Amino acid sequence: MERKTLRRTILIFLPLTSICSLCAVSVAAAQRDLSRSPLASERAAGAKADSQGQLHIIAFGAHPDDCEIRAAGVAAMWAAKGHKVKFVSTTNGDIGHWKMAGGPLAQRRNAEVQAAAKILGIETEVLDNHDGELMPTLENRKTIVRLIREQKADVVLAPRTNDYHPDHRYTGVLVQDAAFMVICPFFCPDVPYLPSNPIFLYYSDRFQKPNPFEPDVVVSIDSVIDQKLDALVELESQFVEGCVSGNESMIPKNEVERAAAHERVRESFRQQFSATANQYRDKLIELYGAEQARKVRYAEAFEVCEYGRQPSAADLRGIFPFFGQ
Ligand SMILES: [Zn+2]
């Protein structure tokens, strides 16, 4: 069965709160401690990669903005090093606006994330599921498994299952449900199974119950902050026009108003990514060393999922070759 991918003839929807907030895990302390392991850089080369040394990464978000908010920085950094990155939105965003909905909005959202992907140097795909209606079905589980296999993923990113939005929660559940099935030869035998399990990582979020996000990796995105902001302002229907809570006054009437609106969006996100760096400064110090970590202004954070392959400290440094040590 062919999965439903948003194409030109499209249909409908995906929501998005103006800032879709988006990871449960308990990995042994030794695995989390990236600050040690003197052979890390040498062993990093042994972290999974294909014969060209290219890592294959796939990131899932519920809506056409979730991956971009949580991981566009590290995605741009991976892409710049020649690694293969793909974002997938599990719904098409067709109800996430105060004024428009349905097929036209879904098409607009797809065009927006395609433009963002071009800026980031990555691939992106929007699944044609209605916004607000995603369910953790067997059909959707198979779709996620096929996507991970087709990407030949070494790394899979996803939201945690603690979240206010059902689409976010179920995207998390669907990816968790795929975390073993991707290596099972007789599950979805139409797509070759992976010979070994990828490493699954969660995006950072603010939710506390039943357990808060615990960062295992915090990456400085200072070198790509403008690239990430450029990508995010492409998502005008989400961030400029107010998403589901907007109004007519938020739609720019000319290029001057559009430029002003874009700068407001940029500043809002600068503050958000700066808060991430400040909140997880201790982890930055572990990874980068105190001197370099103090200078980091903007960051993205990730937690290792206890399903899938459990990475060593060296594995994580291989996946995130950005710490300069
Ligand atoms: Zn969302």
Side-chain angles (χ1 to χ4, degrees), residues 4-6 12-23 58-75 86-102 105-117 120 122 124-136 140 143-144 147 156-176 201-207 213 228-229 231-246 265 268-269 272-273 275-276 300-303:
K4 296 182 290 181
T5 297
L6 197 63
I12 326 176
F13 326 42
L14 176 153
L16 207 310
T17 65
S18 54
I19 303 290
C20 274
S21 224
L22 301 183
C23 156
I58 188 165
F60 293 93
H63 307 120
D65 75 345
D66 289 324
C67 294
E68 288 78 6
I69 293 171
R70 298 296 169 185
V74 74
K86 179 174 184 176
F87 283 179
V88 175
S89 176
T90 57
T91 78
N92 60 19
D94 60 358
I95 62 164
H97 197 275
W98 56 274
K99 186 177 185 179
M100 64 188 299
L105 180 57
Q107 288 181 305
R108 187 179 178 197
R109 293 261 152 102
N110 184 51
E112 289 177 341
V113 292
Q114 295 296 342
L120 300 171
I122 66 168
T124 196
E125 179 172 347
V126 177
L127 303 182
D128 201 16
N129 296 306
H130 290 310
D131 189 344
E133 299 185 11
L134 185 70
M135 294 294 291
N140 286 335
T143 297
I144 299 298
L147 283 161
V156 181
L157 306 177
R160 295 200 305 158
T161 56
N162 311 353
D163 200 289
Y164 75 100
H165 197 299
D167 291 343
H168 296 173
R169 288 200 298 276
Y170 295 143
T171 297
V173 168
L174 284 163
V175 175
Q176 287 183 347
L201 299 163
Y202 295 120
Y203 307 122
S204 62
D205 63 59
R206 59 187 165 78
F207 301 101
F213 171 83
K228 178 170 184 177
L229 296 175
L232 289 171
V233 297
E234 289 289 338
L235 313 184
E236 283 202 356
S237 70
Q238 306 273 21
F239 307 130
V240 171
E241 298 178 10
C243 195
V244 297
S245 306
V265 171
S268 172
F269 278 120
Q272 180 177 337
F273 307 142
T276 301
E300 292 172 350
F302 306 93
E303 177 176 340

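Small disclaimer: the values here were computed from a predicted structure and weren't measured. Each ligand, and each atom within it, is numbered from 1 in the order the structure gives. Every heavy atom of this structure was used, including side-chain atoms; hydrogens, water molecules and symmetry mates were not. The first residue in the sequence is number 1, and the count goes up from there.
- A cation-pi geometry, defined here as NZ or CZ lying under 6.0 Å from the six-membered ring centre and within 45° of its normal, holds between K228 and F273.
- Among the atoms of D66, an N, O or S atom falls under 2.8 Å of the Zn ion (ligand 1).
- Legend: residues meeting salt bridge (Lys or Arg N to Asp or Glu O under 4.0 Å) with E234, ordered by chain and number and at least two apart, are absent.
- In terms of distance to the Zn ion (ligand 1), the nearest N, O or S atom of H63 is named ND1.
- With hydrogens and angles left out, the side-chain atoms of Y202 and Q176 include a donor and acceptor closer than 3.5 Å.
- Because the distance cut-off is set at 2.8 Å, H168 qualifies as a neighbour of the Zn ion (ligand 1) through one of its N, O or S atoms.
- Listed by chain and number, the residues in a side chain to side chain contact (heavy atoms under 4.5 Å, CB included) with R108 are H97, M100, E112, E236, S237, E241 (sequence neighbours excluded).
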